[in-house]
Amino acid sequence: MNISGQDFIYGCSAIGAGLAMIAGIGPGVGQGIAAGQGAAAVGRNPGAKSDITSTMLLGQAVAETTGLYGLVVAIILMFVKPFG
Amino acid sequence: MGLDRLIGFDAQLLSEAFWTAINIFILFAGLSYLLFNPVREVLEKRRQKIAGELAEAADDKKNAAAMKAEYEAKLKDVSKEADAILEEARRKAKARETEIVEEAKAEAARIIERAGREVELEKKKALDDMKQEIISIASLMAGKVVAASIDTTIQNTLIDETLKEMGESTWQS
Amino acid sequence: MGMMKIPMVVHEPDFMIHGVLKYEAFGQELWITDTTVGAWIITAVLLLIGFIANRKIKAAADNGIPGAFQNALEMGMEALENMAQGILGGNARKFVNYIGTIFLFILFCNLSGLFGLRAPTADFGVTFLLGMFTFFIVNYQGLKNRGVGHFTSLFQPIPILFPINLIGEVANPISISLRLFANLLSGVIIMGLWYGMMPWFVKIGIPAALHVYCDLFSGCIQTYVFCMLTMVYINDKME
């Protein structure tokens, strides 16, 4: 099989995109912690359920950002082909 | 052919940003003019109206309370007045009552007095009548006696005797 | 190179931005894309809604009885003002119109995926501009309220932190625009993959659940987050 330099770079970019998506671990853990703390807070203070839920969702949406940066990097590697 | 892309950092990005900027400007101006400012104005107007109505209602309430106090005071006065009137009437009635009783008493006394006087008069009259009668009887007797005997001495004694017979007491009663 | 075709794939997944009309400007070959057209459609729809709302308000102002539509408008307006006042406090009044505009625009863009449009906010050009607007407003307010202090505050608390402070300032618009873009893009990619690569019998019913998460839930949350963060950044510069 004959692999040109271009193909090699695309392949490496795809691998890099896959590696970039490892960033999804962080938000997963973070959102899990936030959800757990939210559940604990609702358990302690069921009256403030709606407040806690909205704060939790807002925090999770912000915490999600790092994972989305990973996604953006992956997409740039895959589709913008900056090294191609 | 056409453009196929997901993301790219080139002039195309700026072009899209440019069109979006126009969109946002139009939206900002249009929605501010059509939606946000009128709605806010309506809300503000309503807030002021409700505040004005609340103030008015508080005013009315205060007025009503003042009026109520006034009427209550008046009502209290009225009942006092009624008491006074009743008292007055009772007093007057009592006075009238005593007056009437006095009058009645006086009237009764007068009637009794008059009755007494009339009785007296009647008695007198009866006595006079009796005297007259006696005198006429005596005269009759005297005429008879004279007819019987013209002796005056006898006549006088006869009269005296007759008179005596009739009794002293008859005269003086 | 002898690639085997997978029989399950009906056609290529499509989650790209497509050009609609080519034009030349500044010596560049540029395209009006389907996201731009979608944004225009959304602008037209919003202006139409605003026009109808204006008519209704005028009518209600005449006879004094607000209809159901106006009640909804007033509730929305109060919610918006409460949200702005919760963060900006007394300065909320100046920014309510802008926040409301971008709120409605982003919300309708995010939900437009439900109506078959390609969500305009899943195009970095759109979200980049929204982030830039936030950046300009924030820095304008900083300059207006602090004067020179706006720049010297970059050297607080110690001058050596200047690069970090600078990056922190510049990263704000990029982070909020990338957050919005990437959230919507992930939704678009998932939907595109599902519609493009799945056999026909899983395209019935199941995409509804995906739409609920990717368009409705994610779209609403990200709209809220974008507006909240914009206000938080502005409030940081208000002092």
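Below, chains carry the letters A, B, ... as their sequence lines are ordered, and counting in each starts from 1.
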K.L.:
Between chain B and each of C/Phe51, C/Phe26, C/Phe128, count heavy-atom pairs under 4.5 Å; write down the option with the most.
P.N.:
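Highest number of heavy-atom pairs under 4.5 Å: C/Phe51.
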K.L.:
Using every non-hydrogen atom in the two residues, find where C/Leu129 and B/Ala17 come nearest and quote the distance to one decimal.
P.N.:
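Shortest heavy-atom contact: CD1-O, 3.2 Å.
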K.L.:
Under 4.5 Å heavy-atom distance to chain C, tell me which part of B/Val39 shows up: side chain, backbone, both or neither.
P.N.:
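Contact with chain C: backbone and side chain both.
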K.L.:
Taking side chain as everything from C-beta outward and backbone as N, CA, C, O, which of these in C/Ile49 sits under 4.5 Å from a heavy atom of chain B? Side chain, backbone, both or neither.
P.N.:
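The answer is neither part of C/Ile49.
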K.L.:
Roughly how far, to the nearest 0.5 Å, is the CG atom of B/Leu43 from the CD atom of C/Glu78?
P.N.:
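If I round to the nearest 0.5 Å, the distance is 5.0 Å.
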K.L.:
Closest approach of C/Leu47 and B/Gly30, non-hydrogen atoms and distance?
P.N.:
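So the two residues come closest at CD2-CA, 3.8 Å.
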K.L.:
Which atoms form the tightest heavy-atom contact between B/Leu35 and C/Ala53, and what is the distance?
P.N.:
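For B/Leu35 and C/Ala53, the tightest heavy-atom pair comes out as CD1-CB, 3.4 Å.
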K.L.:
Can you tell which part of C/Leu185 gets under 4.5 Å to a heavy atom of chain B, answering side chain, backbone, both or neither?
P.N.:
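Just its side chain gets close to chain B.
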K.L.:
Do C/Leu130 and B/Ile24 come within less than 4.5 Å of each other through their side chains, counting heavy atoms only?
P.N.:
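C/Leu130 reaches B/Ile24 side chain to side chain.
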K.L.:
Are the side chain of B/Gln12 and the backbone of C/Trp31 linked by a donor-acceptor contact shorter than 3.5 Å?
P.N.:
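Judged by distance alone, yes, a pair lies under 3.5 Å.
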K.L.:
By a 4.5 Å heavy-atom criterion (distance strictly below it), what part of C/Asn97 contacts chain B: side chain, backbone, both, or neither?
P.N.:
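Both backbone and side chain.
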K.L.:
Can you see which heavy atom on C/Gly50 is nearest to which on B/Leu31, and at what distance?
P.N.:
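Scanning both residues, the minimum pair turns out to be CA-CD2, 4.4 Å.
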K.L.:
Considering only heavy atoms from C-beta outward, does the side chain of C/Met77 approach that of B/Val42 to under 4.5 Å?
P.N.:
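A side-chain contact under 4.5 Å is absent here.
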K.L.:
Let's test your reading of the structure: which of C/Ile52, C/Leu80, C/Leu46 forms the most heavy-atom pairs below 4.5 Å with chain B?
P.N.:
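Result: the option with the highest number of such pairs is C/Leu46.
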K.L.:
Identify which part of C/Ile17 has an atom lying under 4.5 Å from any heavy atom of chain B, answering side chain, backbone, both or neither.
P.N.:
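Backbone plus side chain of C/Ile17, per the 4.5 Å heavy-atom cut-off to chain B.
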K.L.:
Among C/Gly125, C/Pro120, C/Ala122, who wins on heavy-atom pairs under 4.5 Å with chain B?
P.N.:
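Greatest number of close heavy-atom pairs with chain B: C/Gly125.
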K.L.:
Is it the case that atom NZ in C/Lys94 sees more than 12 heavy atoms from other parts of the structure closer than 6.0 Å?
P.N.:
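Atom NZ in C/Lys94 is packed in, count exceeds 12.
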K.L.:
State yes or no: are the ring centers of C/Phe133 and B/Phe25 separated by less than 6.0 Å?
P.N.:
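Yes - the distance between ring centres of C/Phe133 and B/Phe25 falls below the 6.0 Å cut-off.
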K.L.:
With a 4.5 angstrom heavy-atom cut-off, could you sort out which part of B/Leu27 is near chain C: side chain, backbone, both or neither?
P.N.:
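Both the backbone and the side chain of B/Leu27 come within 4.5 Å of chain C.
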K.L.:
Using the rule given for side chain to side chain contact (heavy atoms under 4.5 Å, CB included), can you reason through C/Leu104 versus B/Phe36, listing the C-alpha separation, both sets of side-chain angles and the distance that settles it, and then say yes or no?
P.N.:
CA-CA 12 Å; C/Leu104 285 177; B/Phe36 296 127; 4.1 Å; yes
